[in-house]
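For clarity, every value in this text was computed on a predicted model and none was experimentally measured. Residue numbers begin at 1 in each chain, while the letters A, B, ... track the order of the sequences.
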Number of protein chains: 2
Amino acid sequence: MEFTEKQLQILEIAETLFAAKGFEGTSVRDIAEKAGINVAMISYYFGSKEKLLEALFKSRIGSVQVRMENLIKDQSLSPLQKINLLIDEYVERVLQHENFFKIMVTEQLITKNPSVLSSLKQLKLRNVELITQLIKEGQKKNMFRKKVDVVMMVNTMIGTVWQTTMNRDFYFELHPAPVGSTDSANTILIKRKLSIHIKALFKVILTHEA
Amino acid sequence: MEFTEKQLQILEIAETLFAAKGFEGTSVRDIAEKAGINVAMISYYFGSKEKLLEALFKSRIGSVQVRMENLIKDQSLSPLQKINLLIDEYVERVLQHENFFKIMVTEQLITKNPSVLSSLKQLKLRNVELITQLIKEGQKKNMFRKKVDVVMMVNTMIGTVWQTTMNRDFYFELHPAPVGSTDSANTILIKRKLSIHIKALFKVILTHEA
DNA sequence: ATAAAAATCAAACAGTTGTTTAATTTATTG
DNA sequence: CAATAAATTAAACAACTGTTTGATTTTTAT
């Protein structure tokens, strides 16, 4: 996935617009205008609006996998520590790329684009595989219980993070932050809350007998 | 919200199309064709495509609240039993109206429609209020721990159910059901899995000290 | 400096969008 | 049955859609 500087700039603007108005709700003219370029440049650079979306997925998903892979190999950490790090990593990643996650969630339900769908499926598989491996390691060392439904566990993590992130405003209406607190301070708060919450849930799923 | 028979029929078809292709991705001609009516009838009955969406939200959300309300008053049930019933109720409801939930989730992120947004907010508030009340009851009877983050708890329930429902196909690719099993059999399986899983999580959240 | 390649542009393209119009059919009512 | 109202229709409306064209400018390489 090699993209030029110009392409990356267009992708970034497309990302914010797709997140705010949806893929179908965003016109190529919207993107061109906000990027300060001519409409024709989108076809010129990406071929089509559809292929622009594919490029966005390839670009964003490609940059994810690396750090996770190294986690498994680390011998100095216990299985539970690894799981906890994985949770932190995931929470961090979603909140850092909120816009792309919006697009992922909304688009995976309605797109028929085979390239996008296969990117998503590959990502999901990788997630499950990775956690499965971590859990097996913990089971071998008798630190985790035997029967664990990995898919359900992943669903809880992804779902909770998703639901919390997308309803962040609602949360702060119910739990008003101190006046004058910045948006980024709130983000940190949400991150910590999510991390603690999910770690507690996972610990139970993994260690308590049913 | 009083709708005629004809209006309800149109709403139902619009619901399936919005769920499959998104609101922006569905044209009024798509709806008219599938409903076997003239395009003009949609403006005639609802005023506009936008108001059709509002009508859909009002119609579907309005029919939700009733059963939940009665749950609280029931004196014969323990707080935990009530929570468990609430979980069953919620899982049941989402899986029964899968299409509408798809629309809810995708549209709440991108719509600027004030009527839709306010319907959604009202629904969320009601959910949190209800569970808060149930939890307070359990705390008074010293059956639940003192500090419970209700919003986070609700997020875990909604998020898990959502994530599991929307990735149902993925789940059955990893855990193949017996050959010849029907779709509705799979739905029942998912319901049970979700129900058990979330009940276990909630029990921990509510009773274990941190 | 010159030729070739790449980038940018305004304009036009054919389709589709949601909505409205005005005519016609169907149903209701007195 | 006649008059009124409601429902339905095909056609037209202007605005917008993604994409292409062909000319023009800018950049690169010789």
Just how far, in rounded Å, is C1' of dT17(D) from CD of Glu24(A)?
11 Å

Specify the separation, in whole Å, of atom NZ of Lys51(A) and atom C1' of dT19(D).
12 Å

Gln139(B) and Lys147(B) have their tightest heavy-atom pair at NE2-N, 4.5 Å

Quick test of your reading of the model: are Lys51(B) and Glu54(B) salt-bridged, counting only N-O distances below 4.0 Å?
no

So which one's nearest nucleotide on DNA chain D is more toward 5', Tyr44(A) or Ala40(B)?
Ala40(B)

Could you state the CD-P distance from Glu5(B) to dA6(D), rounded to the nearest angstrom?
20 Å

Cut-off 3.5 Å, side chains only: do Thr160(B) and His197(B) have a donor facing an acceptor?
no

At under 4.0 Å, does any side-chain N or O of Asn38(A) touch on OP1 or OP2 of dA7(C)?
no

Would Thr16(B) and Asn99(B) count as having a side-chain donor-acceptor pair, cut-off 3.5 Å?
no

Given atom CD1 of Ile42(A) and atom P of dA10(C), what is their separation to the nearest angstrom?
14 Å

Within less than 4.0 Å of OP1 or OP2 of dT17(D), is there a side-chain N or O belonging to Ser27(A)?
yes

Of the listed nucleotides dG18(D), dT8(D), dA7(C), the one nearest the side chain of Tyr45(B)
dT8(D)

Interatomic distance where CZ belongs to Arg29(A) and C1' belongs to dT16(C) [whole Å]:
13 Å

Give the rounded distance in Å between these two atoms: CG of Leu17(B) and P of dG18(C).
12 Å

Looking for any heavy atom pair under 4.0 Å, which part of the strands does Thr4(B) touch: base, sugar-phosphate only, or nothing?
nothing

Rounding to a whole Å, what distance do you find between Gln7(A):CD and dA7(C):P?
9 Å

Give the rounded distance in Å between these two atoms: CE of Met41(B) and C1' of dA22(C).
15 Å

